[in-house]
Amino acid sequence: MLQQMNKPDHYQLLIRGGTVIDGTKAPRFLADIGITDGRIAAIGQLQAHTADETLDASGLIVAPGFIDVHTHDDLSLLSQGDMSCKVSQGVTTVVVGNCGISAAPLRNGQDLPMPLNLLDIPAGDRFTTFAAYLQALRETPAAVNVAAMVGHTALRATTMDDTQRAANAGEIAAMQQLLDEALQAGAIGMSTGTFYPPAAHASTGEIIEVGRPLSKHQALYATHMRDEADQVMASLDESFCIGRALGVPVVISHHKVMNRSNFGRSVQTLPFIREAMKHQCVALDCYPYTAGSTMIRTDRGVLDGRVLIASSVPHPECAGRDLDQIAAEWNMTKAEAAQRLQPGSAIYFVMDEDDVQRILAFDETMIGSDGIAAGTKPHPRLWGTFPRVLGHYSRELGLFPLETAVWKMTGLSARNFQLPGRGTLQVGAHADLTLFDADSVRDSATYDAPTLVSQGVHSVIVNGVVTWSGGFHSGARSGQLIARASA
Ligand code: ZN
Ligand code: CU
């Protein structure tokens, strides 16, 4: 476990005296880490060595930087490149392009249907090719690394005059070509969001056909499934079927069972997922909250529980308020009030804590925030996901050991998303590291105060550069674009 490579005597950065949790689920061990040229140069007893800069990590855990596998940071990376909401949690890499939503390829001027709007896409100056989007990420580095997927809903919106129907053969061919170009440019996969109106009319067959280029590039398929409620089993089956037809890995995004009538059904879904894993490559992620957040919807099931408005274009003053209260004030039903608040985003309390814990504790579950950086009252997962897993679920509830918690946000994620040189601490790896205090790390963000910075994250290093330290952002923007390994 203690590795050293021809021991250079001098490092650019030396992290001294920390307790290393290396992202492989292996037990922690005491070691120093030497970093040079953005890579880990040595791990071991390095007291005799010198460095330009030294970080005292005694009493702290030294872990690989966290990988947020489920984000909608596609445009935030360019517009708010400090990425404080993520860096402050210890996140050093984000995966964008989830739920069928991506910032490219899109057409200028065209009206975009929800949920694409969640990304805050401008009317003009859009990325009409995926290559242009990746080039912008390269030219304007953010504070975190990024790997990008192509959204199937974006492909549909770009290709079809009307998304409220099935795609015809010509449109499918056009989408295939756009996907192929994106994969060649470095996209790591494609995501779907058949739960949402603009993709709901895409059949299993259409998704398989559009997804054909994934097979040739061995890129992955991630999905916000058609149904995470009554039809959750059928939706899992559809997702596995698409993965088998294409011969590519499947990622079940933000796995959940929602609405009261489905509470407890994770006892069915998890064994079903485990069974599928025996025959094909399947991964899943989860966020540590019982509320979800997405566009304002008016369908029954989601409006049954408590609904908090996160943002509303026509009624920004309603952000942070309960839909119940707004509806009462306006003298209408919740569905009518929701309709009047559209477009916008809301927080829905649709899950059971037991299911969340069961899914989080499932050994193959990765951590992804699904945070949406829109408005002043976002879901607290945007700022709190990772420290919440480490503090609340691992330390306080004892759901799993700290080594497992770290693995779920680093090594497992890098393996499933094929991010070479990330996710584990070893000599030669990219120097993405997070130093935190195992006793005090915790999320601070709540539904009332959702943008509070988490506690206990001491330092965050991205490609060898100290980006967060002692509660402050250093201003560094040393993130890299992680293109698909063989692109
Ligand atoms: Zn989603
Ligand atoms: Cu999402």
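Computation of the quantities below employed the complete heavy-atom set of this structure, encompassing side-chain atoms and omitting hydrogens, waters and symmetry-equivalent molecules. Read the numbers this way: they start at 1 and go in the same order the structure lists the ligands and their atoms. What you are looking at is a predicted structure, and each value in this text was computed from that prediction instead of being measured.
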query = Would His255 and Leu270 satisfy side chain to side chain contact (heavy atoms under 4.5 Å, CB included), going step by step from the backbone distance to the final call?
reply = CA-CA 10 Å; His255 182 45; Leu270 294 173; 4.2 Å; yes

Could you pull out all donor-acceptor pairs under 3.5 Å where a side-chain atom in residues 131-140 meets a protein atom, sequence neighbours excluded?
| residue | atom | partner | partner atom | Å |
| --- | --- | --- | --- | --- |
| Tyr133 | OH | Asp74 | O | 2.8 |
| Gln135 | OE1 | Arg138 | NH1 | 3.3 |
| Gln135 | NE2 | Glu139 | OE2 | 3.0 |
| Thr140 | OG1 | Ala136 | O | 3.4 |

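- Heavy atoms only, all atoms of each residue included: Asp161 and Arg165 are closest at OD1-NH2, 2.8 Å.
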message = Run Met160 and Leu155 through side chain to side chain contact (heavy atoms under 4.5 Å, CB included) and show every step you take.
response = CA-CA 8 Å; Met160 302 172 67; Leu155 294 177; over 6 Å; no

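- In summary, the aromatic rings of Phe349 and Tyr447 are positioned with their centroids under 6.0 Å apart.
- Remark: the backbone N or O of Asn463 is paired with a side-chain donor or acceptor of Asp432 at under 3.5 angstrom.
- With ring centers used as reference points, Phe240 lies 6.0 Å or more from His279.
- Each salt bridge (Lys or Arg N to Asp or Glu O under 4.0 Å) pair with one or both residues in residues 182-209, not counting sequence neighbours, appears once here: Arg156-Glu206, Glu209-Arg212.
- Looking only at protein N/O/S atoms, the ones less than 2.8 Å from the Zn ion (ligand 1) make 3 in total.
- Between the side chain of Asn145 and the backbone N or O of Thr92 there is at least one donor-acceptor pair closer than 3.5 Å.
- Counting only distances under 2.8 Å, and ignoring water, the protein N, O or S atoms around the Cu ion (ligand 2) are His70 NE2, His72 NE2, Cys99 SG, Asp370 OD1.
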